[in-house]
Amino acid sequence: RVAVWSLLPAMVLAGLRSFLMSLECARFILAATISGALLNVILNYMLIFGNFGAPEMGIAGVALATVGANVFIAAAMAAYIILRPNTRKFKIFNRIWRPDLELLLEILRLGWPISIGLLAEMGLFMAATIMMGWLGTITLAAHGIVMQLVAVAFMVPLGLANAATVRVGVAFGRFDWQGLGRAGITAFIAAGSMSLVIAVIYMALPEFLITRFLKMGNAKSVEVLNSAMPLLFIAAIFHIFDGLQAVGLGILRGMKDTRVPMYIAVFSYWLIGVPAAYILAFVFAMGGIGVWVGITLGLIIAAAALLHRFVRRDQLSRPAR
């Protein structure tokens with residue numbers, strides 16, 4: 001009931017963050033986000049335990065701290081936009097109560113396929129987690145650790161994907177097809193290179209990374225470690241293609257190409273990834289390794305299809321001058 005009030009500032013800051021990203025104000029976004037995270041830590045310490053004279057609210061304090069952090073970040077971004085000359089000139093808050101129906105429809109047209117694609121991708125990982133749960137608590141624990149490592153590493157290609165959307169979008173809006181191609185190729189090379197580095201780290205230090213999540217004095221921890229080690233090796237390959245597909249999506253979004261990537265996501269993840277994971281895990285009795293091989297196969301198909309679509313970018317419809 002308390003946390004639900006964080007949705008409104010979260011939506012506002014998401015919109016303002018996207019606006020600032022399009023103007024390449026990435027450093028301020030970083031500073032505002034880190035400041036909000038630190039505020040969240042302080043508010044949690046105060047409101048959960050009643051420190052510094054604050055009321056002791058327990059779990060409700062966590063929720064209130066989340067609301068406070070989101071309000072702070074949204075307010076900081078709004079203040080930056082209003083006060084900075086390079087952002088103030090766009091007057092994005094002028095007559096904000098009057099809807100622009102034409103623009104809203106355009107945003108919905110571009111946005112709903114992105115939402116379906118994201119839902120398909122998140123659904124793939126949810127399905128994988130459910131199947132790992134069917135295999136037992138040890139396997140599920142191993143999967144959870146590897147997914148945490150993958151999620152942290154994914155922030156690198158995700159950031160590159162957002163940058164690619166901006167750079168490609170600017171070139172697309174200027175009808176600069178050479179600049180568009182250069183931005184897209186650079187993004188793919190950067191994502192592939194960084195993902196390869198992370199994959200090497202996974203393969204070189206699997207035990208070190210996994211045991212950060214375990215209390216090794218516990219007898220079950222050894223079982224979890226042994227179950228997670230082969231998953232992390234597969235995750236190394238998985239991460240390379242996950243990074244490429246993320247950047248591919250970002251590039252195509254910058255070209256206002258969202259519907260075909262949605263079809264690619266649904267096909268790759270739900271007609272290839274999920275069935276392959278189930279068949280390998282349970283029909284061929286590969287267990288957790290089979291689940292990870294299956295979802296990796298889905299990501300490989302998605303990355304290849306998105307890269308192929310980018311290569312064929314000259315055949316995509318271009319905006320009229």
Side-chain angles (χ1 to χ4, degrees), residues 4 6-8 10-19 21-22 99-132 147 150-151 154-155 157-166 168-169 172-173 184 187-188 191 238-239 241-278 291-292 294-313 315-319:
V4 72
S6 68
L7 286 175
L8 180 58
M11 297 289 186
V12 171
L13 77 86
L16 299 181
R17 181 175 59 228
S18 295
F19 170 70
M21 281 172 50
S22 69
D100 184 334
L101 294 179
E102 183 180 353
L103 188 55
L104 281 172
L105 290 174
E106 173 69 7
I107 291 172
L108 287 173
R109 185 185 69 82
L110 290 172
W112 76 263
I114 296 175
S115 299
I116 298 298
L118 289 171
L119 184 62
E121 184 176 0
M122 295 306 298
L124 170 70
F125 295 117
M126 289 177 63
T129 301
I130 290 171
M131 286 187 273
M132 295 299 268
M147 282 302 301
V150 167
F154 182 69
M155 295 303 103
L158 181 61
L160 292 171
N162 288 334
T165 300
V166 173
V168 168
F172 186 76
F188 270 120
F238 163 99
H239 182 71
F241 293 98
D242 197 19
L244 292 175
Q245 68 86 25
V247 166
L249 285 170
I251 291 169
L252 294 175
R253 286 171 190 166
M255 299 168 62
K256 295 188 175 181
D257 183 18
T258 60
R259 190 162 298 189
V260 171
M262 174 191 70
Y263 297 142
I264 291 172
V266 172
F267 173 80
S268 301
Y269 302 147
W270 282 93
L271 297 183
I272 300 294
V274 173
Y278 181 86
V291 172
W292 271 82
I295 61 176
T296 302
L297 180 60
L299 286 169
I300 291 173
I301 299 297
L306 293 168
L307 178 59
H308 178 259
R309 186 151 180 87
F310 172 70
V311 170
R312 292 180 58 251
R313 62 189 178 278
Q315 301 177 31
L316 299 179
S317 60
R318 292 179 175 179

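Everything numeric here is computed off the predicted structure, so don't read it as measured data.
Side chain of Thr258 to main chain of Leu110: a donor-acceptor pair is present (N/O by atom type, distance under 3.5 Å, no hydrogens or angles). Under the 3.5 Å distance criterion, the side-chain polar atoms of Arg312 are left unmatched by any main-chain donor or acceptor of Arg309.
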- Message: Checking Glu106 against Glu102 for the side-chain contact (heavy atoms from CB on, under 4.5 Å) test, could you report, in this order, the C-alpha distance in whole Å, the side-chain angles of both residues, the deciding distance, and whether it holds?
- Response: CA-CA 6 Å; Glu106 173 69 7; Glu102 183 180 353; over 6 Å; no
- Take Phe188 and Ile251 through the test side-chain contact (heavy atoms from CB on, under 4.5 Å) and record every step on the way to the result. CA-CA 9 Å; Phe188 270 120; Ile251 291 169; 3.4 Å; yes
- Show your working on side-chain contact (heavy atoms from CB on, under 4.5 Å) between Trp112 and Arg259 and close with a plain yes or no. CA-CA 9 Å; Trp112 76 263; Arg259 190 162 298 189; 3.7 Å; yes
- Message: Between Asp257 and Arg253, is the side-chain contact (heavy atoms from CB on, under 4.5 Å) condition met? List the steps.
- Response: CA-CA 5 Å; Asp257 183 18; Arg253 286 171 190 166; over 6 Å; no
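In terms of heavy atoms, Val291 sits closest to Ala277 at O-CB, 3.6 Å. Across every non-hydrogen atom of Ala127 and Val274, the tightest pair is CB-CG2, 4.1 Å. Of all non-hydrogen atoms in Ala191 and Gly243, the two that sit nearest each other are CB-O, 4.1 Å. The heavy-atom pair separating Leu297 from Ala276 by the smallest distance is CD2-CB, 4.1 Å. Nearest approach of Ala164 to Ala187, heavy atoms of both residues: CB-CB, 3.6 Å. Here the closest non-hydrogen pair linking Val166 and Ser22 is CG1-O, 3.8 Å.
For Tyr278, the OH atom is loosely surrounded, since the number of other residues' heavy atoms within 6.0 Å does not exceed 12.
Residues Asp100 and Leu104 have side chains not in contact (no heavy-atom distance under 4.5 Å, counting atoms from C-beta outward). Put simply, the side chain of Ser268 does not reach to within 4.5 Å of the side chain of Leu299, judged on heavy atoms. A heavy-atom distance below 4.5 Å is not found between the side chains of Tyr269 and Met122. Here the side chains of Pro275 and Leu271 are not in contact, with every heavy-atom distance at 4.5 Å or above. Residues Pro261 and Leu306 are in side-chain contact: their nearest non-hydrogen atoms beyond the backbone lie under 4.5 Å apart. Met147 has its side chain within reach of Trp292: a pair of non-hydrogen atoms, C-beta onward, lies under 4.5 Å apart. The shortest distance between side-chain heavy atoms of Met155 and Leu158 falls below 4.5 Å. Met262 is not listed as a side-chain neighbour of Ile114, based on a closest heavy-atom distance of 4.5 Å or more.
The NZ atom of Lys256 lies 6.5 Å from the CZ atom of Phe172; values are rounded to the nearest 0.5 Å. With rounding to the nearest 0.5 angstrom, the CG atom of Leu307 is 12.5 Å from the CD atom of Gln245. One finds the CD1 atom of Ile301 at 7.0 Å from the CZ atom of Phe267 (value rounded to the nearest 0.5 Å).
With Ile295 as reference, Leu124 is the one residue of Ile300, Leu124, Ile272 to meet the side chain to side chain contact (heavy atoms under 4.5 Å, CB included) rule.
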